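Working notes, structure below.
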Number of protein chains: 2
Amino acid sequence: MPASHTALPTKERILGAAEELFARHGFEGASLRQLTAAAGVNLAAVNYHFGSKDRLIEEVFRRRLDQLSSRRMAALQKVAGEPDTTIEEVLAAFIVPALELSHDGNGSLFMRVLARAFAEHDDTLRKFLSDNYGHVMRQFTAEFARLLPHLSKEELYWRVDLVTGALTHAMSGFGMIQRKSDVTEHVHREQTAQHLIRFAAAGLKSP
Amino acid sequence: MPASHTALPTKERILGAAEELFARHGFEGASLRQLTAAAGVNLAAVNYHFGSKDRLIEEVFRRRLDQLSSRRMAALQKVAGEPDTTIEEVLAAFIVPALELSHDGNGSLFMRVLARAFAEHDDTLRKFLSDNYGHVMRQFTAEFARLLPHLSKEELYWRVDLVTGALTHAMSGFGMIQRKSDVTEHVHREQTAQHLIRFAAAGLKSP
DNA sequence: GTTCAAATCAAACGATCGTTTGAGCATACG
DNA sequence: CGTATGCTCAAACGATCGTTTGATTTGAAC
């Protein structure tokens with residue numbers, strides 16, 4: 001049981017420290033000794049609570065992606081299939097939940113972890129992400145296909161891949177983009193979303 | 001001196017194996033023992049020829065980026081500053097040399113190494129890349145600024161960052177995109193370049 | 001107060017890491 | 001031939017890795 005003087009239970013503290021160290025040093029670069037020291041827990045706690053380092057990595061993804069995916073799906077359902085839906089609305093359903101995550105606690109660190117997972121062409125990790133969250137990408141692609149009926153299947157996949165690459169890259173760097181002190185965080189997030197949506201929409205719609 | 005029956009000298013064999021293993025397993029994930037075994041050389045050869053693993057990593061970048069950067073700069077010089085230059089021409093100067101590299105031997109593996117370097121926010125590596133090859137990015141950005149005078153500095157940086165993110169992501173996956181058997185490699189490369197250029201140009205030019 | 005399971009702990013496991021050493025081999029030059 | 005010189009090699013260095021163990025502590029149930 002968790003000690004009462006600690007703010008968070010051991011499991012949560014490990015997940016938080018893991019997210020930060022995986023973002024900064026990669027999955028292989030961050031050791032369990034650094035990680036447990038940063039979390040203020042015993043070395044053996046990782047294997048006790050998660051079973052192994054690989055399962056801890058999966059839990060780091062699960063904790064954030066469960067929420068992110070369901071928010072994206074919920075936002076998509078509001079516009080999917082409607083007769084007057086715009087590309088920009090679908091992109092907003094994809095981007096805004098990720099931006100909300102980026103501005104919530106250590107969420108921006110998680111976007112860096114996600115960008116690493118993209119760059120690592122690790123088969124095990126890709127299969128885990130595809131099995132558990134692939135349906136989200138398929139739903140969005142299907143909606144883009146409906147709104148861009150003149151594009152061939154091949155052309156559509158190309159553009160969706162380029163959009164996700166650009167957005168993942170951009171959002172993994174959000175921690176560094178300084179918000180000007182004369183705009184509120186909410187306004188800043190709104191402006192960022194507009195940047196990304198305009199750019200991605202132009203790329204998708206290009207003739 | 002190299003043994004006469006081996007096709008390549010030890011240094012080249014190490015660089016080739018390093019490129020492949022860094023692409024597949026990352027800089028920390030690929031060990032010198034895997035690496036030297038794959039190259040068919042002795043473990044100590046890395047430290048003898050390169051001094052350390054970190055210096056080997058730098059050499060892997062240097063071998064490809066020296067060529068890539070000079071080709072990009074040469075292509076840019078042909079259109080920079082001219083009165084009738086188009087965005088598409090500047091993007092071609094950036095993209096085509098990278099595509100040529102991707103289709104040359106293990107070049108596509110190097111693009112994956114480069115994508116990893118983007119994802120790793122490692123300060124040492126970023127400084128090395130910025131110090132040695134940052135002038136290329138600055139030249140291209142300056143030319144984009146000339147062709148897109150209505151964009152604010154901030155807006156321009158945003159879009160250039162999104163373009164490089166999308167392109168690096170896309171090109172790191174080229175090894176997997178299957179060329180249809182009824183098109184020659186040259187035609188395939190041409191088609192790929194047109195995909196990327198159209199997408200990026202639309203994003204840059206969006207109002 | 002006793003019991004019992006969950007949680008934490010220090011310590012050690014074998015494996016692997018990057019790096020170094022010193023002997024041995026090859027070729028080129030005197 | 002003798003001898004430098006460039007290179008390769010097996011072996012070992014200390015450090016660190018993920019994981020496991022067994023004892024100890026904790027807190028609630030009875």
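Every chain is numbered from 1 and lettered A, B, ... according to where its sequence line falls, protein lines coming before strand lines. What you see is a predicted model; the values in this text were computed from it and never measured.
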Provide, to the nearest angstrom, the distance between the [atom1] atom belonging to [X] and the [atom2] atom belonging to [N].
X: B:Phe50; N: C:dT19; atom1: CZ; atom2: P; result: 13 Å
X: B:Lys53; N: C:dG18; atom1: NZ; atom2: P; result: 4 Å
X: B:Gln34; N: C:dA15; atom1: CD; atom2: C1'; result: 13 Å
X: A:Leu56; N: D:dT19; atom1: CG; atom2: C1'; result: 14 Å
X: A:Tyr48; N: D:dG22; atom1: OH; atom2: C1'; result: 14 Å
X: A:Lys11; N: C:dA6; atom1: NZ; atom2: C1'; result: 13 Å
X: B:Asn47; N: D:dC13; atom1: CG; atom2: P; result: 18 Å

- prompt: Is there a side-chain contact between A:Leu204 and A:Leu91, using heavy atoms and a 4.5 Å cut-off?
  reply: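 Yes. Closest side-chain heavy atoms under 4.5 Å.
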query: Tell me, which of residues 14-27 of chain B have any heavy atom that sits under 4.0 Å from an atom in DNA chain C?
result: none
message: Please find the pair of heavy atoms, one from B:Phe50 and one from B:Arg55, that lie closest to each other, and give the distance.
response: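 Answer, listing the atom of B:Phe50 first, then B:Arg55: O-CB, 3.2 Å.
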Below 4.0 angstrom from OP1 or OP2 of [N], is there any side-chain N or O of [X]?
X: A:Thr10; N: C:dA7; value: no
X: B:Ser52; N: C:dG18; value: no
X: B:His49; N: D:dG6; value: no
X: A:Ser31; N: D:dT16; value: no

- prompt: Counting side-chain heavy atoms from CB outward, which of D:dG6, D:dG18, C:dG18 is closest to A:Leu32?
  reply: D:dG18
- request: Please say whether more than 12 non-hydrogen atoms of neighbouring residues, nucleotides or ligands are located less than 6.0 Å from OH in A:Tyr157.
  value: no
message: Salt bridge check, B:Arg112 against B:Glu19: does any charged N sit closer than 4.0 Å to a carboxylate O?
response: no
query: In chain order, what residues pass the side chain to side chain donor-acceptor pair (under 3.5 Å) check against B:Arg24, with sequence neighbours excluded?
result: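 Scan of B:Arg24 (side chain to side chain donor-acceptor pair (under 3.5 Å), adjacent residues dropped) gives B:Glu20.
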Side-chain atoms of residues 193-200 of chain A: list all donor-acceptor pairs with protein atoms under 3.5 Å, sequence neighbours left out, distances to 0.1 Å.
| unit_1 | atom_1 | unit_2 | atom_2 | d |
| --- | --- | --- | --- | --- |
| A:His195 | ND1 | B:Glu155 | OE1 | 3.4 |
| A:His195 | ND1 | B:Glu155 | OE2 | 3.3 |

Residues which pass side-chain contact (heavy atoms from CB on, under 4.5 Å) with B:Phe140, listed by chain and number, not counting sequence neighbours: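 So B:Phe140 forms a side-chain contact (heavy atoms from CB on, under 4.5 Å) with B:Arg72, B:Leu76, B:Val90, B:Ala93, B:Phe94, B:Val136, B:Phe144.
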task: For B:Ala45 and for A:Ala30, find the nucleotide of DNA chain D with the closest heavy atom, then tell me which residue's nucleotide is more 5'.
output: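 In this pair, the answer is B:Ala45.
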Write down the protein N/O and nucleotide N/O pairs, taken from nucleotides 10-12 of chain C, whose separation is under 3.5 Å; answer none if there are no such pairs.
| unit_1 | atom_1 | unit_2 | atom_2 | d |
| --- | --- | --- | --- | --- |
| C:dA10 | OP2 | A:Asn42 | ND2 | 3.3 |

task: For the pair A:Phe118 and B:His169, name the ring-plane relationship: parallel under 30°, tilted 30 to 60°, perpendicular over 60°.
output: tilted
Would you mind writing out the side-chain donor-acceptor pairs for residues 34-48 of chain B within the sub-3.5 Å range, not counting sequence neighbours?
| unit_1 | atom_1 | unit_2 | atom_2 | d |
| --- | --- | --- | --- | --- |
| B:Gln34 | OE1 | B:Ser31 | N | 3.0 |
| B:Thr36 | OG1 | B:Leu32 | O | 2.7 |
| B:Thr36 | OG1 | B:Arg33 | O | 3.4 |
| B:Asn42 | OD1 | B:Ala44 | N | 2.9 |

